[in-house]
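Only one structure is covered here, and it is reproduced in the block below.
This structure is a prediction, so every number in the text was calculated from the model and none was measured.
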Amino acid sequence: MPTFAYEAMDSSGLEVKDTIEAPSEAEAQTMIREKGFYVTKIREKDRKKKDPKKGAATKGAAAKGGGKKKAFTIGGVKPKLLCQFTRQLSTLQDAGLPVLRSLRILEGQNKPGALKNALMDVIEDIEGGNTLSEAMSKQPKAFDNLYVNMVKAGEAGGALEVILQRLAEFKEKAQSLKRKIVGAMIYPAAVITVAVVIVSFIMLFIIPKFKEIFIGFGVELPGPTVLLIGCSDWMMSYWYMLFVGPIGFWLFAKIVKKNKTGAYVMDWLSLRIPLIGKILHIGTIARVTRTLGTLISSGVPILEALLISRDTAGNAVFVRAFDNIYAAIREGETIAVPLKEARIVDDLVVNMVDVGEETGALDDMLYKVADVYDEEVEVRVESLVSLLEPIMVVVLGLIVGFIVIALFMPLIKLLNDLS
């Protein structure tokens, strides 16, 4: 088994030199990372020396950016990967490593993908004289406005490691809440999917067999049976609507949301859906207040922080309200007054924001609001899942009961006629 000599940094920033046996260089790096080290250099110990001229040519190519090839990728960086990268970069900065060296370490650790490609470009831009925030702003698929502006504020205030730590905590909390919501909805989604498949199978394959029997015996069909056979015939003729319908609705919603008025109407309606609308509402409040609090505590100017927070809302109703708040603040108002007039949050949020502005602790108040609403989202999601289970049982029972009764009514009539 090959032996690899490596240089690495531990969590405190001290350099470590050692050797390790592994089947390949990639597995060696994985084993080293499991020890809690960040690999800075690795090579096979017994590797033969290459021709100096070839080595110089290779180094020259690498210096020009030709030494590493980018992997083909579709889409942006996964939130989980970005969250992990932010935490690691924060740790390395806290250990006192230069930014460029930290990025090279993390770029070497990442597997080929969108994040690795972005880091390669960021490293190249920094080597060309750009700051970290300027380099990241050129990679919108990896680093959004929130990320770039917080890094920019950290560079301006000379506290990049603190800002990165806050950013890592922000992304970890957002990711944790998303995981809980998705995890809670897996069971209802699985049950509904299985139920749709079973009912579709009955309608497409079982009901037509009974229809042939009824026609063969010339039985007069009662109303429920006629309705059931009618539904079955429709599904037999338009079975593709089971797939085209949801896709068509999704495309229609996408097209409507391209229009400003259409997006506002759809988002307004979504906030008024029973049970689900309230979860969407308080979830948006939690996300916006946490974003705004994080930006303000990081030193981002209030007007710029409002615009970035507005873009993270993901709801046209909140976007319009934040535009009004932005305009009011430019005219000299405080945040609390236009926020109350917007009527997108309850009095608790308005009062906490008002107190925060008076005491100069607006960021702390926004964090507290976000924590309260995050907890409420979790409670409401759990309650919704608990409520969905009996509702699904009742609905499935009614559907199956209707099918059984509709099929047995003509059979009972047929048996009576025969007897």
*Are the side chain of Glu304 and the backbone of Pro301 linked by a donor-acceptor contact shorter than 3.5 Å?*
no

*asked:* Taking CZ in Phe402 as the centre, count heavy atoms belonging to other residues, nucleotides or ligands within less than 6.0 Å. Is the count above 12?
replied: yes

*Can you list every ring-ring contact (aromatic ring centres under 6.0 Å, His included) pair that touches residues 236-267, not counting sequence neighbours?*
Trp234-Tyr238

*Interatomic distance, Leu103 atom CG to Gln93 atom CD [nearest 0.5 angstrom]*: 7.5 Å

*Indicate yes or no for a side-chain donor-acceptor contact from Thr193 to the backbone of Ala189 under 3.5 Å, with no hydrogens or angles considered.*
yes

*Yes or no on side chain to side chain contact (heavy atoms under 4.5 Å, CB included) for Val353 and Leu366, after CA distance, side-chain angles and deciding distance?*
CA-CA 7 Å; Val353 169; Leu366 289 169; 4.1 Å; yes

*Above 12 or not: heavy atoms from other molecules or residues under 6.0 Å from CD of Glu333?*
yes

*Enter the distance from Lys171:NZ to Phe85:CZ here, rounded to the nearest 0.5 Å.*
11.0 Å

*Without swapping roles, check the side chain of Ser232 against the backbone of Met203 for a donor-acceptor pair under 3.5 Å.*
yes

_Restricting to non-hydrogen atoms, name the atom on Ser309 and the atom on Thr312 that form the minimum distance, rounded to 0.1 Å._
O-OG1, 2.7 Å

_Ser176 (side chain) donor-acceptor with Glu172 (main chain) under 3.5 angstrom_ = no

*Supply the atom-to-atom distance Leu82 CG to Asp144 CG, rounded to the nearest 0.5 angstrom.*
7.5 Å

*asked:* If you count every heavy atom of other residues, nucleotides or ligands that lies below 6.0 Å from Phe210 atom CZ, does the total exceed 12?
replied: no

*Can you measure from CD1 (Ile192) to CG (Leu388) and round to the nearest 0.5 angstrom?*
6.5 Å

_Option passing side chain to side chain contact (heavy atoms under 4.5 Å, CB included) with Phe143 (candidates Thr86, Val122, Val77, Leu132)_ = Val122

*Distance-only, no hydrogens or angles: does the Glu107 side chain make a donor-acceptor pair with backbone N or O of Ile123 under 3.5 Å?*
no

*asked:* Check this for me, if you would: do Glu127 and Arg104 make a salt bridge, where the nitrogen-to-carboxylate-oxygen distance has to be below 4.0 angstrom?
replied: yes

*Going from CD1 on Ile32 to CD on Gln109, what distance comes out if it is rounded to the nearest 0.5 angstrom?*
10.0 Å

*For residues 253-280, pull every pair meeting salt bridge (charged side-chain N to carboxylate O under 4.0 Å, His left out), keeping only residues two or more places apart or in separate chains.*
Lys257-Asp267

*asked:* According to salt bridge (charged side-chain N to carboxylate O under 4.0 Å, His left out), does anything in residues 345-360 pair up with another residue at least two apart or in another chain? List the pairs.
replied: none

*Does Arg290 pair with Asp371 as a salt bridge, N-O distance under 4.0 Å?*
yes

_Donor-acceptor under 3.5 Å (Asn110 side chain, Leu106 main chain)_ = yes

*Under the ring-ring contact (aromatic ring centres under 6.0 Å, His included) rule, what pairs show up with a residue in residues 357-399, not counting sequence neighbours?*
none

_Please check if the number of heavy atoms outside Arg166 that lie under 6.0 Å from its CZ is greater than 12._
yes

*If you look at every heavy atom in Ala22 and Met31, which pair is closest and at what distance?*
CB-SD, 3.8 Å

*Flag the pair Thr284 / Ile344 as yes when at least one side-chain heavy-atom distance between them is below 4.5 Å, and no otherwise.*
no

*Below 4.5 Å, heavy atoms only, C-beta onward: do Tyr326 and Arg310 meet side chain to side chain?*
no

*Considering non-hydrogen atoms only, spot the tightest contact between Ser133 and Val148 and give its length.*
O-CG1, 3.6 Å

_Gap separating the CG atom of Leu119 from the CD atom of Gln139, nearest 0.5 angstrom_ = 8.5 Å

*Give the C-alpha distance, both sets of side-chain angles, the deciding distance and a yes or no for side chain to side chain contact (heavy atoms under 4.5 Å, CB included) between Asn117 and Lys141.*
CA-CA 11 Å; Asn117 291 349; Lys141 289 186 177 180; over 6 Å; no

*Taking every non-hydrogen atom, the tightest pair across Ser200 and Leu242*: OG-CD1, 4.0 Å

*asked:* Is it the case that the side chain of Thr225 and the backbone of Ala406 share a donor-acceptor pair, with hydrogens and angles ignored and the cut-off at 3.5 Å?
replied: yes

*asked:* Enumerate the ring-ring contact (aromatic ring centres under 6.0 Å, His included) contacts for residues 294-318, please, sequence neighbours excluded, ordered by first and then second residue.
replied: His281-Phe318

*Which heavy atom in Ile229 sits nearest to a heavy atom in Phe214, and how many Å separate them?*
CD1-CD1, 4.2 Å

*With sequence neighbours left out, which residue pairs that include part of residues 230-239 fulfil the salt bridge (charged side-chain N to carboxylate O under 4.0 Å, His left out) condition?*
Lys211-Asp233

*For Ala135 and Asp125, which heavy atoms make the closest approach, and how far apart are they?*
CB-CB, 3.7 Å

*Is any side-chain heavy atom of Leu269 closer than 4.5 Å to a side-chain heavy atom of Ile273?*
no

_CD/Glu375: more than 12 non-hydrogen atoms of other groups inside 6.0 Å_ = no

*Would you call Val151 and Ile163 a side-chain contact if the rule is heavy atoms closer than 4.5 Å?*
no

*After noting the C-alpha distance and the side-chain angles of Asn315 and Ser270, does the key distance pass the side chain to side chain contact (heavy atoms under 4.5 Å, CB included) rule?*
CA-CA 9 Å; Asn315 187 290; Ser270 69; 4.2 Å; yes

*Given the rule in the side chain to side chain contact (heavy atoms under 4.5 Å, CB included) test, do Glu169 and Gln165 qualify, once you have shown the distances and angles that lead to the verdict?*
CA-CA 6 Å; Glu169 290 170 358; Gln165 188 175 358; 3.9 Å; yes

